[in-house]
2 protein chains.
Amino acid sequence: MSPYVQRFVMHIGEMGSKWGLNRTLGQMCGLLYVTPRPMNAEEMAETLNISRSNVSMGLKELKAWRLVQPASVPGDRREYWTTSKDVWEIFRVLAEERRRREIDPTLSMLRDTLLADPTSEEDRYAQDRLQEMHDLIELLNNWVDDMSGLPSKTLVRMLKLGRKVGRLLGPRRTKTESHETTLN
Amino acid sequence: MSPYVQRFVMHIGEMGSKWGLNRTLGQMCGLLYVTPRPMNAEEMAETLNISRSNVSMGLKELKAWRLVQPASVPGDRREYWTTSKDVWEIFRVLAEERRRREIDPTLSMLRDTLLADPTSEEDRYAQDRLQEMHDLIELLNNWVDDMSGLPSKTLVRMLKLGRKVGRLLGPRRTKTESHETTLN
DNA sequence: GTCTAATTTCAGGAATTCTTGAAAAGTCTG
DNA sequence: CAGACTTTTCAAGAATTCCTGAAATTAGAC
């Protein structure tokens, strides 16, 4: 592994641990992402200096995340693995999985809690806050649904367009306004 | 703390640990979010069943995240704390901080790596992948910049609008297409 | 079926992160 | 500036997460 690739892979590992995966999973993904050909488990273990069994567990998790796909190399019995080379696709899958694992359960919890009759003034207040959080999540969910239904190219166009629409639709927050909101 | 509020706070704690904070930080934020009045450190410690010093360290971190604001209660020497009750504002601050802590360093790393001359075919391939990742991040960054400059209400309008624009701008990916992309 | 190579599992150890109590430092009041 | 109260710091223990080697399982070739 060239020093540059190595730096990238190590960095992505650190990021992985902040993005719901862990360091090793991040490294494995990063490595597969920048490697033009599929790799087998032993190659990965050697390249990343981790044990073969660690790779095995990592692959198991990455399969569950839908971040790696099996590939067969003719004349070789071992299993080979790749990841999508479309970074938008990777981003999309990551978003979908995190939603399934983290957002959806949170929505359920919020809905359950909102069904209960508030028994005190404080409960009523709390429920209002929960309702607002629920509405935000649901709005984002719907938006992501629509966006992720689009092919990557359209999505890019949307985002670039979004910038312009944003400027037209409403005034920017002023520094003061932003500050007041923060302190409120 | 009523059982419902408790369930919410515990759940947000778990979420916190997946969102760059940790369990305790998440619980503290959640508690402040649903509590109509500012709280002091000791109240928080008692309510959450954690030590006073843990709250102190938590507050220190939450200050660094810009997620809590001090509030003074007349006639009481102790410091009181609140968090914004605008869930969009909280979301925005979280996004801004994570960008500063995670995304920006990643962009630097990518830029550095892209400056190097590739010495092999594999390096050239890797650099192409890095360039694509760089472009994606930069596009998202610009988009977030524009969005986060807008007041919450305009942002909500944008997102609701985005759904419709998305439907017009391009065809949805078909199941098959989506599948193929995933397996590619 | 048997033999071999590849993969997976898992219990224990390693490493990291979190929490705590005690002590230090800070702050307000009179 | 003394004394009471509050907050912060920090080192050590607790808890959690991660990684490994050995053993078990699976899969393929003959």
Side-chain angles (χ1 to χ4, degrees), chain A residues 9-32 38-65 67-82 101-102, chain B residues 9-32 38-65 67-82 101-102:
Chain A
V9 169
M10 293 300 124
H11 186 102
I12 292 296
E14 295 311 315
M15 284 307 97
S17 61
K18 315 225 162 197
W19 270 81
L21 312 171
N22 67 31
R23 190 152 41 83
T24 306
L25 295 195
Q27 289 178 359
M28 290 174 62
C29 269
L31 179 60
L32 290 177
M39 299 183 86
N40 64 46
E42 206 167 318
E43 277 183 279
M44 290 189 240
E46 276 171 25
T47 313
L48 299 174
N49 269 303
I50 58 181
S51 72
R52 176 68 184 72
S53 57
N54 202 358
V55 172
S56 186
M57 305 190 99
L59 284 171
K60 185 179 168 183
E61 280 199 73
L62 288 177
K63 277 180 267 178
W65 276 91
L67 286 170
V68 293
Q69 294 84 42
S72 63
V73 167
D76 194 330
R77 229 170 102 169
R78 291 169 293 182
E79 260 189 310
Y80 282 74
W81 300 90
T82 33
R101 291 158 191 244
E102 299 162 23
Chain B
V9 169
M10 294 300 124
H11 186 102
I12 291 298
E14 294 311 313
M15 284 308 97
S17 60
K18 314 226 163 198
W19 270 82
L21 310 171
N22 66 31
R23 192 152 39 83
T24 304
L25 295 195
Q27 289 177 359
M28 290 174 61
C29 269
L31 179 59
L32 289 177
M39 299 183 86
N40 64 47
E42 206 168 319
E43 278 182 278
M44 290 189 240
E46 276 172 25
T47 312
L48 299 174
N49 270 302
I50 58 180
S51 72
R52 176 67 184 70
S53 58
N54 202 356
V55 172
S56 186
M57 306 194 99
L59 284 170
K60 184 179 168 183
E61 280 200 73
L62 288 177
K63 277 180 267 178
W65 276 91
L67 286 171
V68 293
Q69 295 83 41
S72 62
V73 166
D76 194 329
R77 231 170 99 169
R78 291 168 295 182
E79 261 189 309
Y80 281 74
W81 300 90
T82 33
R101 293 158 189 244
E102 298 162 24

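Residue numbers begin at 1 in each chain, while the letters A, B, ... track the order of the sequences.
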Nearest-Å distance, CD (Glu61(A)) to P (dC18(D))? 8 Å
Contact class for Glu42(B) (heavy atom, under 4.0 Å): base, sugar-phosphate, or nothing? nothing
Within this structure, what is the CG-to-C1' distance between Asp76(A) and dA27(D), rounded to whole angstrom? 14 Å
Reckon Lys63(B) has a side-chain N or O less than 4.0 Å from the OP1 or OP2 of dT7(D)? no
Minimum heavy-atom distance Tyr80(A)-Asn40(A), with the two atoms named: OH-ND2, 3.2 Å
Minimum-distance nucleotide (side-chain atoms of Met57(B) versus dT20(C), dC18(D), dA6(C)): dT20(C)
Could a donor-acceptor pair under 3.5 angstrom be found where the side chain of Arg77(A) meets the base of dA6(C)? no
Given dT20(D), dT8(D), dC18(C), the nucleotide with the shortest approach to the side chain of Ile50(A): dT20(D)
Give a yes/no answer on whether the side chain of Arg52(B) brings an N or O atom under 4.0 Å of OP1 or OP2 in dG21(C). no
Please report, rounded to the nearest Å, how far the C1' atom of dT16(C) is from the CZ atom of Arg23(A). 9 Å
Report yes if some heavy atom in the side chain of Leu21(B) is under 4.5 Å from a heavy atom in the side chain of Glu61(B); otherwise report no. no
With sugar-phosphate meaning primed atoms plus P, OP1 and OP2, does Leu59(A) contact a base, only sugar-phosphate, or nothing at under 4.0 Å between heavy atoms? nothing
Checking only heavy atoms, does the side chain of Ser51(A) share a donor-acceptor pair with the base of dG21(D) at less than 3.5 Å? no
Under 4.0 Å from OP1 or OP2 of dT9(C): is there any side-chain N or O of Lys60(A) that close? yes
Please determine whether the number of non-hydrogen atoms from other residues, nucleotides or ligands lying under 6.0 Å from atom CH2 of Trp65(A) exceeds 12. yes
Among dT7(D), dC19(D), dT20(C), which nucleotide has an atom closest to any side-chain atom of Ala41(B)? dT7(D)
Whole-Å distance, Leu25(A) CG to dT17(D) P, equals 14 Å
Heavy atoms under 4.0 Å, any strand shown: does Asn40(A) hit a base, just sugar-phosphate, or nothing? nothing
For Asn49(B) and dT19(C), what is the distance between atoms CG and P respectively, to the nearest whole Å? 13 Å
Under 6.0 Å from the NZ atom of Lys60(A), do we count more than 12 heavy atoms belonging to anything else shown? no
Just how far, in rounded Å, is C1' of dT17(D) from CG of Asn54(A)? 12 Å
Ignoring backbone atoms, test whether Thr24(A) places a side-chain nitrogen or oxygen under 4.0 Å from the OP1 or OP2 oxygen of dC18(D). no
Under 3.5 Å, is there a donor-acceptor pair between the side chain of Glu46(A) and the main chain of Glu43(A)? no
Could you tell me the separation between the CE atom of Met39(A) and the C1' atom of dA6(C), rounded to a whole number of Å? 17 Å
Tell me: CD of Glu79(B) to P of dT27(C), nearest whole Å? 10 Å
